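Computed from a predicted structure; not experimentally measured.
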Amino acid sequence: MSSQQDCLRNTMSKAGRENFPVASRLLPRRYRRDLLAIYGFARSVDDIGDDTPPRERLALLEAVDTDLVRLYAGRSPRSWAVEGLTRTIREHAIPAEPFHLLVEANRRDQTVTRYETFDDLLGYCALSANPVGRLVLHVFGAVTESRLASSDRVCSALQIIEHCQDVGEDLGRGRIYLPGEDLRRFGCPEDHLAAPVTSPQLRDVLAFQVSRAERMLAEGSGLIASLAGFARLAVAGYVAGGHATVTALKHARHDVLGQAVRPRRARLLTAWARILMTKE
């Protein structure tokens, strides 16, 4: 079993490959520590759901859920990812529900491999993405009902954008996160997702999803305006990563099968600065 230091290094490496700055070095160490603890948990649960032997996944996910219950009951957790949450949960009085929802998202991935409608997909994002934004707001002590609603829109948008980037990778795991009704609408059969090049029909589906996500990011812009200080800096970075990735997908003409489409650092920094300078 890897040491906790090895696990932390692995987490840092994966965080560096995300579309957005998970825990920017512009933030004080205490915030970076807490954001990385949350990311490490979410990433470890995703790794169980994606990369462990399929027959073991549900049992492993159940073990994580049980470990969360153990932690919230005041007992010592057994896994490094849950143990790493101990101080963050205590210092910010974070409720258990968002963590359990992230586990549930990966349970769903083991049984649900297709989504018929966009609303169905948003239901999945409510488990897989929105809890992360809620946890971030808890870290910064910035939880209000209106902020939670805006955060949910932003996080769902970021998840949809990632699904658009990772069509081939997701299909390799037996999953399709593009709504079935949209594939049919644009005349894109599922076998197009397994092709070596991105067909015009698939590009149209992706362009449609990206435009939806871009609107959702815009709808969440009030979240940033409502925040101040380091909370505003961090959340603006996440939104900027979404916008930079949208730009990258558009510049690539939504060709996600023939190449890896990732946001350029310069675009992300430009978007980040623009968002921070915008006054509502």
Side-chain angles (χ1 to χ4, degrees), residues 4 7-8 11 15 18 20 22-23 27-49 58 60-109 122-159 216 220 222-224 226-239:
Q4 190 157 347
C7 292
L8 179 59
T11 296
E18 296 289 349
F20 47 80
V22 170
L27 297 171
R29 181 176 295 181
R30 67 184 188 279
Y31 289 131
R32 295 187 69 241
R33 178 202 68 200
D34 293 332
L35 294 173
L36 284 172
I38 290 169
Y39 177 81
F41 173 83
R43 188 73 266 166
S44 69
V45 173
D46 283 351
D47 288 347
I48 290 172
L58 289 176
L60 290 170
L61 290 169
E62 182 62 29
V64 173
D65 239 359
T66 300
D67 218 17
L68 284 168
V69 172
R70 186 179 293 111
L71 174 60
Y72 275 89
R75 303 197 303 273
S76 297
R78 297 172 180 172
S79 67
W80 74 268
V82 176
E83 182 183 4
L85 295 171
T86 304
R87 181 165 53 182
T88 298
I89 288 170
R90 182 179 65 247
E91 290 185 0
H92 302 288
I94 299 177
E97 183 184 27
F99 297 111
H100 288 295
L101 291 177
L102 293 174
V103 177
E104 183 59 31
N106 282 273
R107 282 201 191 95
R108 180 171 295 188
D109 276 336
L122 289 179
Y124 172 73
C125 292
L127 301 175
S128 66
N130 299 0
V132 176
R134 291 174 171 239
L135 291 168
V136 168
L137 290 178
H138 276 288
V139 165
F140 288 103
V143 174
T144 66
E145 287 302 316
S146 62
R147 284 174 181 158
L148 289 173
S150 295
S151 173
D152 288 348
R153 295 297 283 175
V154 168
C155 290
S156 289
L158 294 176
Q159 179 77 86
M216 291 168 67
L223 172 63
I224 300 170
S226 76
L227 296 170
F230 292 118
R232 188 167 189 266
L233 176 67
V235 174
Y238 304 147
V239 175

Can you find a heavy atom in the side chain of [X] that is under 4.5 Å from one in the side chain of [Y]?
| X | Y | value |
| --- | --- | --- |
| Leu135 | Ile94 | yes |
| Leu122 | Met216 | yes |
| Val154 | Ile224 | no |
| Asp65 | Arg107 | yes |
| Val132 | Tyr39 | no |
| Glu145 | Leu148 | yes |
| His138 | Pro95 | yes |

Residue pair [X] / [Y]: nearest heavy atoms and the distance that separates them:
| X | Y | result |
| --- | --- | --- |
| Asn106 | Gly49 | OD1-CA, 3.7 Å |
| Ala129 | Cys155 | CB-O, 3.5 Å |
| Ala81 | Gly40 | CB-O, 4.2 Å |
| Ala142 | Arg147 | O-CD, 3.0 Å |
| Ser150 | Leu223 | CB-CB, 3.7 Å |
| Leu27 | Leu233 | CD2-CD2, 3.9 Å |

| task | Please test His100 against Val69 for side-chain contact (heavy atoms from CB on, under 4.5 Å), starting from the C-alpha separation and ending with a verdict. | result | CA-CA 9 Å; His100 288 295; Val69 172; 4.0 Å; yes
Under 3.5 Å, is there a donor-acceptor pair between the side chain of [X] and the main chain of [Y]?
| X | Y | value |
| --- | --- | --- |
| Asp67 | Arg78 | yes |
| Arg32 | Ala23 | yes |
| Tyr124 | Asp109 | no |

| request: Could you check whether the rings of Phe99 and Phe41 sit parallel, tilted or perpendicular, using 30° and 60° as the cut-offs? | output: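 Because their plane-to-plane angle is over 60°, the rings of Phe99 and Phe41 count as perpendicular.
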| message | Can you tell me how the ring of Phe20 sits relative to the ring of Tyr238, calling it parallel under 30°, perpendicular over 60° and tilted otherwise? | response |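 Judged by the thresholds at 30° and 60°, the geometry between Phe20 and Tyr238 is perpendicular.
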So how far is it from [X] [atom1] to [Y] [atom2], rounded to the nearest 0.5 Å?
| X | Y | atom1 | atom2 | value |
| --- | --- | --- | --- | --- |
| Glu91 | Arg33 | CD | CZ | 4.5 Å |
| Leu71 | Arg90 | CG | CZ | 9.5 Å |
| Asn130 | Leu101 | CG | CG | 9.5 Å |
| Leu36 | Tyr31 | CG | OH | 15.0 Å |

| Pair Arg87 + Asp34, salt bridge at N-O below 4.0 Å |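 No salt bridge links Arg87 with Asp34.
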| Aromatic ring proximity Phe140/Phe230, centre distance under 6.0 Å |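 Phe140 vs Phe230: aromatic centres not under 6.0 Å.
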